[in-house]
Amino acid sequence: MDGNTLAKQVRIGVRKQTALLPEPPGLAVIQVGENPASMVYVNNKRRDCERCGIVSYAHHLDEDAGQAKLLELIRFLNGEPHIHGILVQLPLPKGYGSDAIIQAISPEKDVDAFHALTVGKLYLNSGPAFEPCTPAGVIALLDRYEIDLRGKHCVVVGRSNIVGKPMGTMLLHRNATVTICHGSTVDLPSFTRQADVLISAVGKSGLITADMVKPGAVVVDVGINRIDDKICGDVDFDEVEKVASYITPVPGGVGPMTRAMLMTNTLKAAQKYFMRGK
Ligand code: NAP
């Protein structure tokens with residue numbers, strides 16, 4: 001499943017929509033400290049914004065700026081009319097409480113979809129304003145390849161708040177039967193072998209091997225691991241490709257889709273803002 005191509009199509013669609021707005025959407029991206037991986041992610045987001053007709057506003061705080069200063073910046077951005085989406089690049093350096101930071105973002109600008117109100121609406125299936133980017137990107141890929149989820153056994157490996165849990169919830173809302181595995185799961189292969197759709201979101205290269213996959217299963221690899229200078233997922237791609245009906249590569253699968261969904265959420269935030277007539 002080709003995430004690069006679909007992400008490009010999504011971006012083209014977003015660009016067409018942003019051109020119809022009275023002013024371009026604005027996305028504020030806040031980075032604290034000098035985490036090299038975060039810097040790459042922030043740069044990628046800036047480039048995506050340019051491609052989509054979204055104005056990105058980069059805010060870079062020193063690692064020792066402190067929680068109070070970060071909260072003050074978020075409150076300021078909450079009230080800024082040109083900013084429609086606010087994103088705090090995670091992980092934050094030691095000493096910052098991510099939860100308090102995320103809850104300080106106005107739910108109307110919560111384009112990462114991590115705010116408790118957004119999460120609650122997602123779980124209640126009551127029309128959340130935004131869907132979390134990574135699971136939304138996975139669903140978009142599955143839709144693109146016309147993979148019907150109704151009644152399918154979907155096994156999600158990983159239960160984080162940003163990937164595993166919302167992924168399971170979104171699959172459930174698509175009428176799949178969902179199993180979520182995690183670090184305390186006993187005999188992981190006995191679960192993965194039952195999966196019609198297997199989604200791995202762990203961060204351990206080589207975790208999913210061919211003997212853990214049912215022939216014909218759909219395999220989605222969310223994991224990102226850096227081995228020397230190369231990036232790979234959780235799945236042994238070369239071997240699993242031989243048994244799966246569909247599989248996502250890393251890189252080029254879920255990663256670009258996550259970024260594309262951020263653009264979609266920022267567009268949505270701006271559309272809602274202008275519809276409210278503010
Ligand atoms: P996380 O918060 O570290 O969660 C990892 C999950 O994996 C935890 O629930 C953990 O279980 C579980 N786990 C660890 N070892 C396991 C094992 N041996 N068997 C089964 N489950 C195991 O990570 P995350 O933020 O969800 O991210 C997961 C991976 O996806 C990372 O590689 C990350 O870089 C990548 N990611 C990719 C994208 C993308 O756009 N492609 C976006 C986000 C994240 P416990 O809960 O029991 O500890």
Side-chain angles (χ1 to χ4, degrees), residues 1-8 10-11 29 35-45 47-48 87-92 98-99 102 111-114 119 122 130-142 154-171 178-195 198-209 211-213 219-227 230-237 240 247-265:
M1 287 181 278
D2 179 358
N4 280 330
T5 300
L6 182 56
K8 193 173 174 189
V10 171
R11 285 196 302 270
V29 179
N35 181 325
S38 293
M39 287 165 111
V40 172
Y41 292 138
V42 166
N43 269 331
N44 287 341
K45 282 165 189 166
R47 211 178 54 215
D48 287 343
L87 178 152
V88 177
Q89 188 64 49
L90 299 175
L92 287 166
S98 325
D99 192 47
I102 288 165
V111 286
D112 251 345
F114 295 162
V119 174
L122 178 78
F130 310 107
E131 288 183 330
C133 299
T134 300
V138 172
I139 295 283
L141 259 179
L142 295 173
C154 296
V155 176
V156 180
V157 190
R159 58 170 165 184
S160 71
N161 289 335
I162 63 167
V163 189
K165 280 188 212 161
M167 187 75 256
T169 303
M170 289 165 79
L171 293 165
V178 178
T179 299
I180 300 188
C181 302
H182 45 77
S184 299
T185 296
V186 177
D187 193 4
L188 181 65
S190 70
F191 293 97
T192 60
R193 274 190 214 114
Q194 293 177 40
L198 173 61
I199 300 176
S200 184
V202 173
K204 284 193 178 153
S205 67
L207 179 73
I208 307 293
T209 48
D211 59 317
M212 294 167 74
V213 176
V219 179
V220 177
D221 193 351
V222 179
I224 299 177
N225 308 292
R226 279 182 184 77
I227 309 280
K230 284 185 95 180
I231 287 185
C232 66
D234 296 341
V235 176
D236 178 356
F237 184 90
V240 173
I247 184 168
T248 59
V250 179
V254 177
M257 288 306 298
T258 297
R259 286 162 48 193
M261 293 300 114
L262 176 66
M263 298 297 105
T264 304
N265 279 350

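These numbers were taken from a predicted model, which means no experiment stands behind them. Both ligands and their constituent atoms are indexed starting at 1 by order of listing.
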Is the shortest heavy-atom distance from the side chain of [X] to the side chain of [Y] under 4.5 Å?
{"X": "Met1", "Y": "Val254", "result": "no"}
{"X": "Leu141", "Y": "Asp2", "result": "no"}
{"X": "Val250", "Y": "Phe237", "result": "no"}
{"X": "Lys165", "Y": "Val156", "result": "no"}
{"X": "Ile199", "Y": "Cys154", "result": "no"}
{"X": "Met212", "Y": "Leu188", "result": "yes"}
{"X": "Met39", "Y": "Val42", "result": "no"}

With a cutoff of 4.0 Å, is Gly164 in contact with ligand 1, counting heavy atoms of the residue only?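 For ligand 1, residue contact (heavy atoms, under 4.0 Å) with Gly164 is absent.
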Check for me whether Thr185 has a heavy atom closer than 4.0 Å to any atom of ligand 1.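 Contact absent.
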Is Gly183 in polar range of ligand 1, meaning some N or O pair under 3.5 Å apart?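 Looking only at distances, the answer is yes, because the N/O contact criterion of under 3.5 Å is met.
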Is there a nitrogen or oxygen of Ser160 sitting under 3.5 Å from a nitrogen or oxygen of ligand 1?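 So ligand 1 has an N or O lying under 3.5 Å from an N or O of Ser160.
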Heavy-atom contacts under 4.0 Å between [X] and ligand 1: side chain, backbone, both, or neither?
{"X": "Ile224", "result": "both"}
{"X": "Val250", "result": "neither"}
{"X": "Lys204", "result": "side chain"}

How far is [atom] from its nearest protein heavy atom, and which residue and atom is that?
{"atom": "atom 9 (O) of ligand 1", "answer": "Arg159 N, 2.9 Å"}
{"atom": "atom 31 (C) of ligand 1", "answer": "Gly203 CA, 3.8 Å"}
{"atom": "atom 42 (C) of ligand 1", "answer": "Thr134 OG1, 3.1 Å"}
{"atom": "atom 21 (N) of ligand 1", "answer": "His182 C, 3.1 Å"}

If you take the nearest heavy atom of each of Asp234, Val222, Val202, which one is closest to atom 14 (C) of ligand 1?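 The residue whose heavy atom sits nearest atom 14 (C) of ligand 1 is Val202.
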Just to be sure I'm reading this right: ignoring hydrogens, which of Val163, Leu90, Val157 gets closest to atom 27 (O) of ligand 1? Compare them by their nearest heavy atoms.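 Result: the heavy atom closest to atom 27 (O) of ligand 1 is in Val163.
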Atom indices of ligand 1 within 4.0 angstrom of [X] heavy atoms, with elements:
{"X": "Thr258", "answer": "39 (C), 40 (O)"}
{"X": "Ala201", "answer": "5 (C), 6 (C), 7 (O), 28 (C), 29 (C)"}
{"X": "Ile162", "answer": "25 (O)"}
{"X": "Gly255", "answer": "40 (O), 41 (N)"}

Value rounded to 0.5 Å, distance of CZ in Arg11 from OG1 in Thr264: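 So the CZ of Arg11 and the OG1 of Thr264 are separated by 10.5 Å.
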From Glu131 atom CD to Thr169 atom OG1, the distance as rounded to the nearest 0.5 Å: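 It is 11.0 Å, given to the nearest 0.5 Å.
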Determine, step by step, whether Ser200 and Asp234 satisfy the side chain to side chain donor-acceptor pair (under 3.5 Å) criterion, reporting the C-alpha distance in whole Å, the side-chain angles of both residues, the deciding distance to 0.1 Å, and the verdict. CA-CA 7 Å; Ser200 184; Asp234 296 341; 2.9 Å; yes
How far apart are the closest heavy atoms of Val202 and Gly158, and which atoms are they?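 Looking at all heavy atoms of both residues, the shortest contact is CG2-N, 4.3 Å.
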